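Notes follow once the structure below has been shown.
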Amino acid sequence: TYGKGMEFMYASGNFYIEAYDYSNSSSQPLFIDGSKIALGTQSGGNVGIGTSTPQSKLVVVGTATFDTDGANIRIPKTTGALSNDDLDIFHYPGLGSTYGIADWSTGTKGLFINTTSGNIGIGTTTPAYKLDISGRSATTLSATAAIMLEDTAGNVGSRSWAIGNTWGSNFGDLNFSVGSAAGVTPVASGIKMTLDRSGNLGIGTTAPSQLLSVAGNGYFTGGLGVG
């Protein structure tokens, strides 16, 4: 027999399906027994597509396509058990060009990437800017749209900083807050500087009434001009 074709074979208690090229006696088998399935190899129970030596449970050499709107890849946080907190990589119908990496339960707590605009959203499925962070006003960092700069040096003098909009009821303000001690998350009581929605800058105050409001003393080593 010559040419290429499929070969079905049973040998030594195992079942094989091979893509076989009779012209050069080469084959690429799909090996199946009671405990494993492997393409191109019989060792370890690993599955390889495009390779005969897969080093993990599934190895694809080349491009893999999930050709369904609404396809998911679920990664459980606990072996052998499913949870609402599992990681979900997905594209849902209605999201357009936006893809998500988020929690399995709600699909909203995570990272969203728009492949048309290149925008990235955290806390929003419709990012309008290159980095769009969405949150709700509150006195805690966890519910405020913020960027935290966490100091993990472990020194007693270490402090974490956060830049966020609106802690408390001052809606529209941009605040700079510092943690009260090493390892402490910055909150409203730690605000050191505020730029409000009118453009006023406050140092030592969260309610600046002038373009520059300083609550406390100032020290200048050079001149101070007043026009």
Side-chain angles (χ1 to χ4, degrees), residues 37 39 46-51 54-152 160-179 185-188 190-191 193-199:
I37 301 175
L39 181 64
N46 298 336
V47 176
I49 301 176
T51 175
Q55 300 301 309
S56 58
K57 291 303 180 184
L58 175 62
V59 176
V60 179
V61 176
T63 301
T65 301
F66 293 86
D67 193 14
T68 302
D69 190 11
N72 297 72
I73 297 176
R74 183 171 185 169
I75 304 175
K77 70 174 186 178
T78 304
T79 301
L82 298 180
S83 165
N84 287 336
D85 295 329
D86 293 345
L87 181 67
D88 187 14
I89 303 173
F90 61 89
H91 179 268
Y92 287 153
L95 284 181
S97 298
T98 301
Y99 296 78
I101 304 173
D103 67 297
W104 179 266
S105 177
T106 68
T108 60
K109 295 178 286 188
L111 183 71
F112 297 88
I113 303 170
N114 187 296
T115 56
T116 299
S117 64
N119 295 340
I120 297 175
I122 299 175
T124 174
T125 60
T126 56
Y129 309 99
K130 291 302 180 186
L131 179 59
D132 195 340
I133 302 175
S134 178
R136 294 179 296 173
S137 60
T139 57
T140 60
L141 178 64
S142 60
T144 299
I147 298 174
M148 188 167 79
L149 308 175
E150 185 177 7
D151 188 339
T152 59
S160 294
W161 282 82
I163 305 171
N165 70 318
T166 312
W167 269 282
S169 60
N170 295 326
F171 296 98
D173 292 355
L174 181 64
N175 300 292
F176 297 76
S177 176
V178 64
T185 299
V187 293
I191 294 175
M193 186 168 67
T194 296
L195 180 63
D196 72 11
R197 57 186 176 274
S198 298

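Just so you know, these numbers come straight off a predicted model, no measurement behind them.
Side-chain atoms of D132 come within 3.5 Å of backbone N or O of A128 as a donor-acceptor pair. At distances below 3.5 Å, at least one donor-acceptor pair connects side-chain atoms of S177 with backbone N or O atoms of V187. Of the possible donor and acceptor atoms, one in the side chain of T115 sits under 3.5 Å from a partner among the backbone N and O of S97. The closest donor-acceptor contact from the side chain of D103 to the backbone of K109 lies under 3.5 Å.
Side-chain contact between I120 and P127: absent, with no pair of heavy atoms (C-beta onward) separated by less than 4.5 Å.
R74 has a carboxylate O that lies under 4.0 Å from a charged side-chain N of D86, or vice versa, which qualifies the two as a salt bridge.
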Legend entry - Step-by-step side-chain hydrogen bond (donor to acceptor under 3.5 Å, both in side chains) determination, N175 to T194: CA-CA 5 Å; N175 300 292; T194 296; 2.8 Å; yes

Margin query: Set out, in order, the CA-CA distance, both residues' side-chain angles and the distance that settles side-chain contact (heavy atoms from CB on, under 4.5 Å) for T108 and T124, then state yes or no.
Written below: CA-CA 7 Å; T108 60; T124 174; over 6 Å; no

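D88 and N72 share a side-chain donor-acceptor pair at under 3.5 Å.
Screening T125, N114, T126 for a side-chain hydrogen bond (donor to acceptor under 3.5 Å, both in side chains) involving T98 leaves a single residue, N114.
Atoms OG and CG, from S160 and L149 in turn, are 8.5 Å apart once rounded to the nearest 0.5 Å. The distance from the CD1 atom of I73 to the CD1 atom of I75 is 7.0 Å, given to the nearest 0.5 Å. W161 contributes atom CH2, which lies 12.0 Å from atom CG of D151 (distance to the nearest 0.5 angstrom).
Ring geometry for F112 versus F90: interplanar angle over 60°, hence perpendicular rather than tilted (30 to 60°).
Looking at every heavy atom in both residues, P186 comes nearest to G179 through CG-N, 3.8 Å. Summarising the geometry of K77 relative to S83, their closest heavy-atom pair is CE-OG, 3.6 Å, with the distance given to 0.1 Å.
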